[in-house]
Amino acid sequence: MDMASLSSTLLFVAFVAYLVATFLFGGAVKSSTAQSTQSFDRWGKLAISVTILGFIANLGYFITRWIAAGHAPVSNLFEFTAAFGMMIVGAFILIYFIYKAPALGLFALPIAVLIIAYASMFPTEITPLIPALKSYWLTIHVITAAMGEAILAISAVAGFVYLLKNIDLTKKSKERFWIEAVMYVLVLVVGFVVSTLSFSIMNYSAEYNYISKDETQHTIEYTMPALFGMNESEAITDGAMDPLVEMPPLVNAKKLTTVVWSILFGTVIYVLLRLILRKRISVILQPLTKKSNSQLMDEIGYRSVLIGFPVFTLGALVFAMIWAHEAWSRFWGWDPKEVWALITFLFYAVFLHLRLSKGWEGKKSAWIALIGFIIIMFNLIAVNLILAGLHSYA
């Protein structure tokens, strides 16, 4: 078995281990008797052991792929997203040994599983680096940025557990609506995985010519029926579906098509779940948070931002600007990814300001942490997939 095959196998092992550990943490949550900071029962030990084994396999994937590729495996969407999922688990393990809160594992691991599944839908082949990526600063910038985002993700998980426990889901309210909206967004990620797999099994493929923003002609292959067409697109493949709407050069219509198909599939899955369960998904999950410690969740959410914010700032802004200067001879260029990195930085700066100077704790702090993670995921999914820019290779 070569290194590339070994790395794929190790990633699959990690995926399965995280899935198993999620159910074990479910057992730990149900069996804990009082405050989870004092509880480290049999289920908890088993769950964290399986999580660590999965993380070791995940780390093995990262190292073996690095050896096989000859460069850090963070140069495309598959590699970056898989590394992001791994770092979320790494951040969770660290937090778990400090606070012993099994409820965090019950919700952090499924997010990591979804992110790794999402990553696996992108091309996984190892490809040579383009000139702009051949820099040690790229490795430092991307790994540090992913690490910061992973720590910030834990604050969102803690906030989610806090909100799920403390929102009265029996009464109609804005809070009840928005917490269910979060569940809907998570189901959309499942929709992306299901839609990609479905069209892949059907072996769907259609090619189009289009004119890019630099007025040159290119060819692009769609692996899903084209809902949106590239600028001045023209079908090459016989019988290919005509796009419903043509997009301007700034928008990557192929990736926008993928996003819309994911929303359609995810919405159908969500409606089916609601019909089968006959309850909101948040109502089904709420009993799993009843034994969690609200004050502890609030503390974890805040401290995760305190640690994650400077790490993210270094990786996504400072190191990114150094790399941008090496790659494009300028520190800042208002590329869509750069703009959203700045928005994320400003958002968490406001979070800390409100927390420290205005005393925003509890629900307010939890909601902000959750919104922060939505911004991170928007940057990862929508900005990467839809907007064309200097980061479009990723």
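Atoms considered below: every heavy atom in the structure, side chains included; atoms not considered: hydrogens, waters and symmetry mates. None of these values were measured; they are calculated from a predicted model.
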List the atom pairs, donor and acceptor, that lie under 3.5 Å between side-chain atoms in residues 303-322 and the rest of the protein, sequence neighbours left out.
| residue | atom | partner | partner atom | Å |
| --- | --- | --- | --- | --- |
| Arg303 | NE | Glu299 | OE2 | 2.3 |
| Arg303 | NH2 | Glu299 | OE2 | 3.1 |
| Ser304 | OG | Ile300 | O | 2.7 |
| Thr313 | OG1 | Phe309 | O | 2.7 |

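- For the side-chain contact (heavy atoms from CB on, under 4.5 Å) test, residues two or more places apart in sequence or in another chain that qualify with Thr81 are Leu77, Ile115, Tyr118, Ala119, Leu380.
- Aromatic ring orientation, Phe12 versus Phe15: parallel (interplanar angle below 30°, classes split at 30° and 60°).
- Remark: Phe228 pairs with no residue by the ring-ring contact (aromatic ring centres under 6.0 Å, His included) rule, at least two apart or across chains.
- Sorted by first and then second residue, the side chain to side chain donor-acceptor pair (under 3.5 Å) pairs involving residues 54-63 (not counting sequence neighbours) are Tyr18-Asn58.
- With respect to the salt-bridge test (charged N to carboxylate O, under 4.0 angstrom), the residues Arg330 and Asp335 do not qualify.
- When atom types are taken as modelled, the side chain of Lys254 and the backbone of Ile220 share no donor-acceptor pair closer than 3.5 angstrom.
- Residues forming a side-chain contact (heavy atoms from CB on, under 4.5 Å) with Ser205 (at least two apart in sequence, or on another chain): Glu221.
- Remark: Lys364 engages no residue in a side-chain hydrogen bond (donor to acceptor under 3.5 Å, both in side chains) (not counting sequence neighbours).
- The side-chain contact (heavy atoms from CB on, under 4.5 Å) test applied to Val185 returns no partner, not counting sequence neighbours.
- With sequence neighbours excluded, no residue satisfies ring-ring contact (aromatic ring centres under 6.0 Å, His included) with Phe347.
- Residues in residues 222-239 take part in no side chain to side chain donor-acceptor pair (under 3.5 Å) pair, two or more places apart or across chains.
- Residue pairs satisfying the side chain to side chain donor-acceptor pair (under 3.5 Å) criterion with at least one member in residues 193-204, sequence neighbours excluded, are absent.
- For residues 163-182, there are no ring pair (Phe, Tyr, Trp, His ring centres under 6.0 Å) pairs, not counting sequence neighbours.
- By the 4.5 Å heavy-atom criterion applied to side chains, Trp137 and His325 are not counted as neighbours.
- Between the side chain of Glu180 and the backbone N or O of Arg176 there is no donor-acceptor pair closer than 3.5 Å.
- For Ile284, the side-chain contact (heavy atoms from CB on, under 4.5 Å) criterion is met by Leu277, Lys279, not counting sequence neighbours.
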